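Everything on this sheet refers to the single structure shown next.
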Amino acid sequence: MAQGSIDPSGRRFKLPSLLDVRVLGVLAQLAFVVGFILVTVWFINNILSNLDALGESQFICIDGSSKPRCSFDFLSSDAQFELAETPIEYDPADSYWRALGAAALNTLKVIVSGIILATILGTFVGIARLSKNWLVANIAKWYVDILRNTPLVLQLIIIYFSVLLALPQIEEAIKIPGIPIFISQRGVNFINATFLPSAGVWLAFLVLGLIQAQVLWWILGRVEEQTGRSQNRFLWPIISFLAIAILGWVFSSNDTNQSILLGRQLQVEEISDFETLMLQRYDVNTLGEIDMLVANEVMTQDAVDELALSLCVLRDAPSEVNFTAQLRQRGIPYTVRRLSSQSRATSSFADGDCEVYVAPTAVLAGERDILENPNSFLLLPVQEAPVRWSIPRIEGFNFVGGGKMTTEFTAVLIGLVLNTGATIAEIVRAGIQSVSKGQSEAARALGLSEGQRLRLVVLPQALRVIIPPQTSQYLNLAKNSTLALAVAYPDFWNIANTTINQSGRSIQIMLIVLAFYLSISLIVSLMLNAYNRRIQLVER
Amino acid sequence: MDVILSNIRALVPGRKQFHLDLRRFVAEQITRSWILMVWLIAFTAFVGWYTIGQLSAAPGSTTTVLIIWALTVYMTVISELQKDHTPLTFWLKENMYNSINNVLVTLFLTLLILAGVRAFYSYAWVNASFETDPITSNEERPNEITVDDALAAYRVDFSNFPEGSSLPPRVILENAAGTPIRQVTLTKSADDPNIVIEELEDIHTGASWGSVIENLPNILLFRFRDPVIQWRIWASIGVLVVLALPSFVVYRGERYRGTTTRRLLTWAWVASPLIIFGLLYGLTAEGPLQVVDPDQIWGGFVLTVIISVFAIVVSFPIGMLLALGRRSNIQGIPWWVTYPVAIAITIWGLLTTTPANLEASRNTAETILAYWPLAVPVLAFFFQRSFKGNVVAAFSTGYIEVVRGTPFIVVLFMSIILFPIFLPSGWDISGVIRVLLASALFSAAYLAENIRGGLQALPNGQYEAADSLGLSAFNKYRLIILPQALRAVIPAIVGQFIGLYKDTSLVYLVGLFDMLALANGISSQNNWLGIRTEPYILLMVIYFLGSSLMAWYSRRLERQLGVGER
């Protein structure tokens, strides 16, 4: 619609400017802006009058006055609620900020592990949907259908209440033979590598080894090019890498930042002396006989525990893992008192609750001076391995040591992974089917195996079709993580909700929640768009 | 008969010659790679171990499966060797037994499915109880188990329960000596502080379907169970049936195209949500169509249907406007208006608010925020660059993206918490209505994206053709663009309706009595303490059937309308 037109008679005429599309457009825009502003003003007026009705507490400052700029100040006051699990240290006396931060990390934990696992599961199921085996294809189809046609929250609740909470109690936990993994009502406890302080040195060695292997691989390649004789480009780099790794292990094990503090009257000069001490105490010839004492009814279990070496440690300290692993190696029986702080551990040790105090050397050197007569105590360095396995054991009513996934986390994770995996399976299947049959036939004609055909020919091409819808599935997973509320997993939304209920500041928290989830959406889509661009570049 | 005969014949090696290149067979199936060999050995061992386990667990069915498996494998192998397949062996060869690996996989999966079916069958039927009143219906038997034993097995602290309460008979006490499984119920009588133990006649270790049977009317109808208002549900269903029956005739084929009958029926369909809403919500203060309080009356499956239908119906026009708004290319506000205004605001802000804010600021964040006017030109720049000054497009895009980035459950809570704050204090909107509006506004953003997809799929020639015919903008969209665009997005809209139908299960988190809330409530009923799985299974079935039915209908509709064919 041009501004001026030629009418049939050939005369130019000009439209009245009020009927010009461009003018009309601007007028419409202005009308929209005015209407929008009016509605917004109406809302703001309502909000202000409603907030007035709620009282000044919404805007209370730390100094007690009330100003709008203080509307977020309440977040610095004590949260006063517990979090069932936190990746960072948190105490009810900490601020709302810290509670929300810990909850945000919980959310990120679910999202990141969920995305990784759902992608793996979805890819496998998507391929299984196209399996030549009728049974496999149909099982995959039914899995996808059932998961996609029922609400996620119902799936979560079923997984939580009907599956996970129906598992055996902690004393009868399901053990997977050969692997220290325990599955019970209280979650999954599994073996976990504990990194001791010297692990840093060892990791440095590993990095060095990797660089060296890479360089060696490159040099061998050059030699191969120049001499024409084939070199073993895998064996030598691997051997030298292993050599450096072992060297690093030995080197970092000599580190003495772990020690034990013990009374001189024990007459223990080095760790092996504990063996003689125990042999005397139990009045046996070898340590192996101690286990037989209870079986042969010479002693009760309580009496055996009474004589065992008693240790004081800080809760969750790697030094405990390191020292007890060495005691177990030697077969020395021990009992552990776990204390929540240094000062408590020291006073417990001073009171004679335990014979040995295990901690980093720096801590012990300081603590020994606090004791009444420091000279009657001996500081004994303990050999340290950079990495020790920490194995979960039942102590009392709980598992101690190892890694742990709580029931709530497990439920949310399984639910999100199964549900998103089903959708991803459909996307993967559509992606694979979008690759023309000729590509597969060509791959087979070249003699590629089925695995190679998928890995080298089909998937790279299918990825281009898969990535865009996959992005929105990842975003869905991130948003669906808010359903953790249904099984009481302390994710960001759950804790934000608790904060609203406790502080009564709904608008402020809602703004924070919106900002949090919108930025997660933004970050995930930005990352995947960048990846998408990289993949699409290879397009024909 | 012929089919059976020909298959039996396949069992007997015929006179035909065998074609077997053993070396090639071994090379292809076993020694192709060492990974395959290791896998085959490990998998064979595993399947063998599993089969032996199943044989001891359920000898009858496992043996049957094994025999059928061996027989069909034998048949397939013989047919393959003779290169003479019956349809059955050919299908088996193609779909079940196309490699040694798949022969094993088939056996393993069959046994696995069998074990699953057996477990579910015994849980849901053999060991299940269909008793709707478990506590009073059983005769008392001589007391053989002590109360302490029973309490230990129940794992609840019964001493804290109020007098007169009882525990459901679902815990099984098994003696260490191996005496038969027994089942008891514990009751605390009102006059006697002691716990009374009863042993039950019929023992069940499986599902208590009685809980579901007893609560089914509640889960489906909630307060519409009440005979005074129950007729309204039947009337609503009646309206739908009356409309649906003639639709099968009128909308099929060309016979009624363009007739008054068809137009009337269409209008009736358009009006039907209003009629049903009137029936369910009520119209008058008194009388048979009394207005009900939705917070109290609406619930269960009825609420699920109300929310999903309301949301999709109301969100449709909003979503269409948003989609058109986002794609609109009407003349925007020109740059020579935007930039001067933006700069004026910046200067005004810097001069009037910034100094005072800087003085009052208490931390770095507030110091930075005091310079807010500097952000205005930046925003103006992006507004001009991305939307060419088109406010409508900017608003639609912003609305769609913000809503799509927000989880539904957050939107629901916002509706419950923030609606009263956003509206004047006199307006009192009930919780259900808030949730209905929130669902509609939420769903509009997603619908807008679907419709936008349909609009984008339309070739440009259609727009140009409409323009060249001299149609006004309104008629262009009404007659040319929307009918085609909407037809293309019908599957997407049905998909979204399915999504809404499933998402309604979230409203229990904001305190509405939907099916999930009622199912959760069963576990705290006196007769069914702690019973959760059975109602959840019912809900899974209801949701699964509903969604699958709609998905199936969507696929049919897609075929009928020939989406993607024209």
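For the numbers below, each heavy atom of this structure counts, side chains included, while hydrogens, waters and symmetry mates do not. Chain letters run A, B, ... following the sequence lines, proteins first, then strands; residues in each count from 1. Computed from a predicted model, the values in this text were never measured in an experiment.
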Option that, when pairs with chain A are counted at under 4.5 Å, heavy atom only, ranks first among I421(B), V337(B), I537(B): I421(B)
Interchain contact, D503(B) with chain A, by part (heavy-atom threshold 4.5 Å): neither
Side chain, backbone, both or neither of S49(A) within contact of chain B (heavy atoms, under 4.5 Å): neither
F36(A) versus F395(B), closest heavy-atom pair with distance: CE1-CE1, 3.3 Å
Closest non-hydrogen atom pair between M414(B) and M510(A), with its separation: CG-SD, 3.3 Å
Max heavy-atom pair count under 4.5 Å with chain A, selected residue of N520(B), L539(B), V402(B), N390(B): N390(B)
Under 4.5 Å from any heavy atom of chain A - which part of L418(B): side chain
K476(B) NZ: over 12 foreign heavy atoms closer than 6.0 Å: yes
Within-4.5 Å side-chain heavy-atom neighbours: K132(A) and N95(B): no
Closest non-hydrogen atom pair between A486(A) and L509(B), with its separation: CA-CD2, 4.2 Å
From T482(A) atom OG1 to F413(B) atom CZ, the distance as rounded to the nearest 0.5 Å: 10.0 Å
Neighbours of chain B found in residues 495-504 of chain A - heavy atoms under 4.5 Å: N497(A), I500(A)
Any side-chain heavy-atom pair of V105(B) and L135(A) under 4.5 Å: no
Shortest non-hydrogen contact from D145(A) toward F544(B): O-CE1, 3.6 Å
Residues of residues 515-525 of chain A with any heavy atom under 4.5 Å of a heavy atom in chain B: Y517(A), L518(A), S521(A)
Which portion of V163(A) sits near chain B, non-hydrogen atoms under 4.5 angstrom: neither
Ring geometry between F161(A) and Y536(B) (parallel below 30°, tilted from 30 to 60°, perpendicular above 60°): tilted
Min side-chain heavy-atom separation V136(A)-M96(B) under 4.5 Å: no
Best-contacting candidate, I417(B), I333(B), V410(B), against chain A by heavy atom pairs under 4.5 angstrom: V410(B)
Residue part contacting chain A, namely of E366(B), when any heavy atom lies under 4.5 Å: side chain
Distance, nearest 0.5 Å, that separates OG of S548(B) from CD1 of I146(A): 9.0 Å
Interface moiety of Y508(B) toward chain A, non-hydrogen atoms closer than 4.5 Å: side chain
Atom pair OG1 (T150(A)) and OH (Y501(B)), whose distance is rounded to the nearest 0.5 Å: 10.5 Å
Interface moiety of N102(B) toward chain A, non-hydrogen atoms closer than 4.5 Å: both
Separation of I416(B) CD1 from S506(A) OG (nearest 0.5 Å): 12.5 Å
Chain B contact via L514(A) - side chain, backbone, both or neither, heavy atoms under 4.5 Å: side chain
Step-by-step side chain to side chain donor-acceptor pair (under 3.5 Å) determination, N133(A) to T106(B): CA-CA 8 Å; N133(A) 191 314; T106(B) 302; 3.1 Å; yes
Within 6.0 angstrom of F32(A) CZ, more than 12 heavy atoms from elsewhere: yes
Minimum-distance pair of heavy atoms, taken over all atoms of Q29(A) and G332(B): NE2-CA, 3.9 Å
Segment of A360(B) engaging chain A (4.5 angstrom heavy-atom cut-off): both
N149(A) CG to K502(B) NZ distance, which is reported to the nearest 0.5 Å: 6.5 Å
Which atoms of P334(B) approach chain A - backbone, side chain, both or neither, heavy atom under 4.5 Å: side chain
Which atoms of T504(B) approach chain A - backbone, side chain, both or neither, heavy atom under 4.5 Å: neither
Residue among I498(B), T533(B), L423(B) with most heavy-atom pairs under 4.5 Å to chain A: L423(B)
pair K479(A)-T406(B): side-chain heavy atoms closer than 4.5 Å: no
Contacting region of L545(B) [heavy-atom separation from chain A under 4.5 Å]: neither
Region of V26(A) in contact with chain B, defined by heavy-atom distances below 4.5 Å: both
Value rounded to 0.5 Å, distance of CG in L483(A) from CD1 in I409(B): 6.5 Å
